[in-house]
Amino acid sequence: QAQLVESGGGLVQAGGSLRLSCAASGSILSINSMGWYRQAPGNQRELVASITRRGITTYADSVKGRFTISRDSAENTVYLQMDSLKPEDTAVYYCNCNKYRTRWRDNYDYWGQGTQVTVSS
């Protein structure tokens, strides 16, 4: 079972940077993928970036070239480095972990509590 702890959100001016962190409990071998989603008021939750257990990364078109997702395999931690932030990046960012549950023999999505990112003009 995974417990996700997020940190790193805050308020920055346009063009600034933030680094989000998400630590997941459990063995790294049981994690299929980890990623970041975001949801702005009135909008649907959307994928920002993800990384699989093999290290394959996926990015939303809107953040390509600006955001970088990485993983600390030893500590089951995923990071999202956000550079050149824009006001439209303002949202609540949620960490996601898809993990195999030995007890139930399934792959299950775990979610963090969310961290607010606000980018001012």
Transitive ILVMFWY side-chain link V5 to I31, under 4.5 Å: no
Ionic contact status for D106 with R101, cut-off 4.0 Å: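 Counted as a salt bridge, because a side-chain N and a carboxylate O are separated by less than 4.0 Å.
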Fellow cluster residues of Y94, listed by chain then number, with links counted only when side-chain atoms sit under 4.5 Å apart: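 The other cluster members (ILVMFWY side chains, heavy atoms under 4.5 Å, direct or chained) are Y37, L47, V92, W111.
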Under the side chain to side chain contact (heavy atoms under 4.5 Å, CB included) test, residues paired with V12 that sit two or more places apart: L18, L85, V119
For T102, all residues meeting side chain to side chain contact (heavy atoms under 4.5 Å, CB included), sequence neighbours excluded: Y100
Calculate, to the nearest 0.5 Å, the distance between atoms [atom1] and [atom2] belonging to [X] and [Y] respectively.
X   : Y    : atom1 : atom2 : result
N32 : D109 : CG    : CG    : 9.5 Å
W36 : M82  : CH2   : CE    : 8.0 Å
L80 : M34  : CG    : CE    : 11.5 Å
Q3  : Q113 : CD    : CD    : 9.5 Å
R71 : S33  : CZ    : OG    : 10.0 Å

E88-T90 side chain donor-acceptor pair, cut-off 3.5 Å: no
Residues N107 and N98: side-chain donor-acceptor under 3.5 angstrom: no
Least distance between heavy atoms, [X] atom then [Y] atom:
X   : Y   : value
Q39 : N43 : NE2-O, 3.1 Å
S30 : K99 : OG-CE, 2.7 Å
A14 : P87 : CB-CD, 4.1 Å

Row check, Y79 ring normal vs R19 NZ/CZ: under 6.0 Å, within 45°: yes
Heavy-atom side-chain contact between T52 and T57 under 4.5 Å: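 Answer no - side chains too far apart.
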Main chain of [Y], side chain of [X]: is a donor-acceptor contact present, judged purely on distance under 3.5 Å?
X   : Y    : result
Q13 : S120 : no
R45 : R38  : no
Y59 : I69  : yes

Worked check of salt bridge (charged side-chain N to carboxylate O under 4.0 Å, His left out) between D89 and K86: CA-CA 5 Å; D89 295 319; K86 304 175 181 179; over 6 Å; no
Step-by-step side-chain hydrogen bond (donor to acceptor under 3.5 Å, both in side chains) determination, D83 to S17: CA-CA 4 Å; D83 298 320; S17 298; 2.8 Å; yes
C95/C22 sulfur gamma separation below 2.5 Å: yes
